Amino acid sequence: MNAIDLRSELERLHEVSFAWARHCCRNRDNEAEELLQDVYIRVLDGRAQFDGRSSVKTWLFGVIRVTAREFARRRWLRLLLLERWHRREIDDEPTPDPERLLHRSERNERLRAAVAKLPRRQHEVLHLVFYQDLTVAESAQMLGISLGSARTHFERGKQRLREYLEGGDLL
Amino acid sequence: MTNDPDLREHFASLRREDAARTPGFTQVLQRARHASTRITGMLAAAACLMIAVAAVTVMRLVHDRAPAARHAAPWLADWRAPTDFLLNTPGRELLHTVPQFGDRSANGPSLPPELNNITPARRAGTENQT
């Protein structure tokens, strides 16, 4: 796959990639964008190479997930280097639009809170299946776990999520 | 997988909401390029700074050591061995003085006054003539 194809694939998958990046960063938009920037640079510079063993989407999600873990490990170092401060000084980060924030429905907030309360594997599988429309098998491949294990996480996650949503004690 | 329409509907609603606040691809890519360039610049600047600090440190060390060396040189020159006195052998002063030859005032009768200003060669010639 050449650079032009890769770029067009990234563009095609941008919205779902951002959603997955946001999920990996626990719904922090700024971090998700930073993460995605790093992923795009890695992919376009050839540091992350697509080997054709899975779909581009599964592969890209894997790169995002691995990079998110590295980000979490490096966070303290980056704070130490004042990169964050530097970035804040230079970047014209768009501040969240208050009007748009108001439009977030209560139901969606409840769902976010419920998903966040689930164990990591469970909310990862649920996000990949319900939000990203991957199959459980694809999710298992992406997360590097067996299909049986993914199914177990999926079923338990669904059960817990329903309990949380019906309980109504999330917010 | 299609048995959960309630959950699928929940997530679809969430996805629609998230789509509205997703930054554009071009925007993210431009920022990525900008950030990459900036990080490279920061690394280069950090490397230059480290080299400069190392150079200054080395220069300061060299500079601080030089006066010490200057002070140490005279001290070494002044040093005397504890056994130095053994070299002061009897009669050693003879080696430091120049012997006087032809001083007759000390050893014999003095020359007549007319020969005092004459060189030894001429004096020898004068004596042979007489």
Side-chain angles (χ1 to χ4, degrees), chain A residues 7-8 10-19 21-23 27 29 32-34 36-42 44-45 81-83 86-87 90-94 96-97 100-101 103-105 107-112 114-115 126-127 129-136 154 157-158 161-162 165, chain B residues 1-70:
Chain A
R7 195 194 142 100
S8 60
L10 290 179
E11 191 163 7
R12 185 177 67 81
L13 296 168
H14 173 67
E15 201 172 302
V16 289
S17 301
F18 193 85
R22 184 191 286 132
H23 184 81
N27 291 318
D29 281 11
E33 188 180 332
E34 231 175 277
L36 211 55
Q37 286 173 7
D38 205 52
V39 169
Y40 285 171
I41 290 293
R42 281 179 191 208
L44 293 173
D45 288 356
L81 292 171
L82 299 175
E83 186 189 327
H86 183 68
R87 194 172 270 261
I90 292 175
D91 270 6
D92 48 345
E93 285 282 340
D97 183 3
R100 205 163 59 192
L101 290 176
H103 283 133
R104 286 186 186 180
S105 70
R107 195 177 71 153
N108 285 344
E109 288 306 319
R110 285 170 60 81
L111 179 61
R112 268 187 234 280
V115 170
L126 288 187
H127 178 93
V129 172
F130 288 127
Y131 193 109
Q132 303 287 357
D133 287 329
L134 295 182
T135 62
V136 177
F154 180 61
K158 279 195 304 186
L161 186 61
R162 284 204 175 93
L165 289 173
Chain B
M1 299 308 127
T2 55
N3 297 335
D4 310 290
D6 55 331
L7 290 179
R8 287 201 179 275
E9 208 284 316
H10 269 96
F11 277 94
S13 166
L14 194 64
R15 194 165 48 209
R16 281 193 297 274
E17 188 188 275
D18 287 348
R21 59 192 178 110
T22 301
F25 173 74
T26 315
Q27 186 187 355
V28 173
L29 197 60
Q30 275 176 353
R31 285 187 187 174
R33 293 279 183 215
H34 183 59
S36 173
T37 313
R38 196 171 55 232
I39 287 169
T40 310
M42 281 173 69
L43 285 174
C48 288
L49 188 68
M50 282 177 68
I51 290 169
V53 167
V56 168
T57 308
V58 168
M59 282 175 66
R60 287 193 67 172
L61 279 173
V62 169
H63 186 259
D64 288 350
R65 209 171 272 181
R70 278 199 297 271

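Labels below follow one simple rule: chain letters A, B, ... track the order of the sequence lines, proteins then strands, and each chain is numbered from 1. In this text the structure is predicted, and so the values were computed from the model without any measurement. Computation of the quantities below employed the complete heavy-atom set of this structure, encompassing side-chain atoms and omitting hydrogens, waters and symmetry-equivalent molecules.
Interface summary for chain A: among B/Ala46, B/Gly24, B/Pro23, the most heavy-atom pairs under 4.5 angstrom belong to B/Pro23. Taking A/Glu11, A/Gln132, A/Glu15, A/His127 one by one and counting their heavy-atom pairs under 4.5 Å with chain B, the maximum is reached by A/Glu11.
Contacts between A/Tyr131 and chain B at a heavy-atom distance below 4.5 Å involve backbone atoms as well as side-chain atoms. Contact annotation for A/Asp45: only side-chain heavy atoms (C-beta onward) come within less than 4.5 Å of a heavy atom of chain B. Proximity to chain B (any heavy atom under 4.5 Å) is shown, for A/Val16, by neither the backbone nor the side chain. Heavy atoms closer than 4.5 Å to chain B are found in both the backbone and the side chain of A/Leu10.
Ring geometry, A/His14 versus A/Tyr40: the interplanar angle falls from 30° to 60°, so the pair is classed tilted. The aromatic rings of B/Phe11 and A/Phe130 lie parallel to each other, with less than 30° between the two planes, well short of the 60° mark.
Contact record, A/Gln37 with B/Val28: CG-O, 3.6 Å, taken as the closest heavy-atom pair.
Residues A/Leu165 and B/Asp6 fail the side-chain proximity criterion, which asks for heavy atoms closer than 4.5 Å.
A salt bridge between B/Glu9 and A/Arg107 is present, with a side-chain N of the basic residue lying under 4.0 Å from a carboxylate O of the acidic one.
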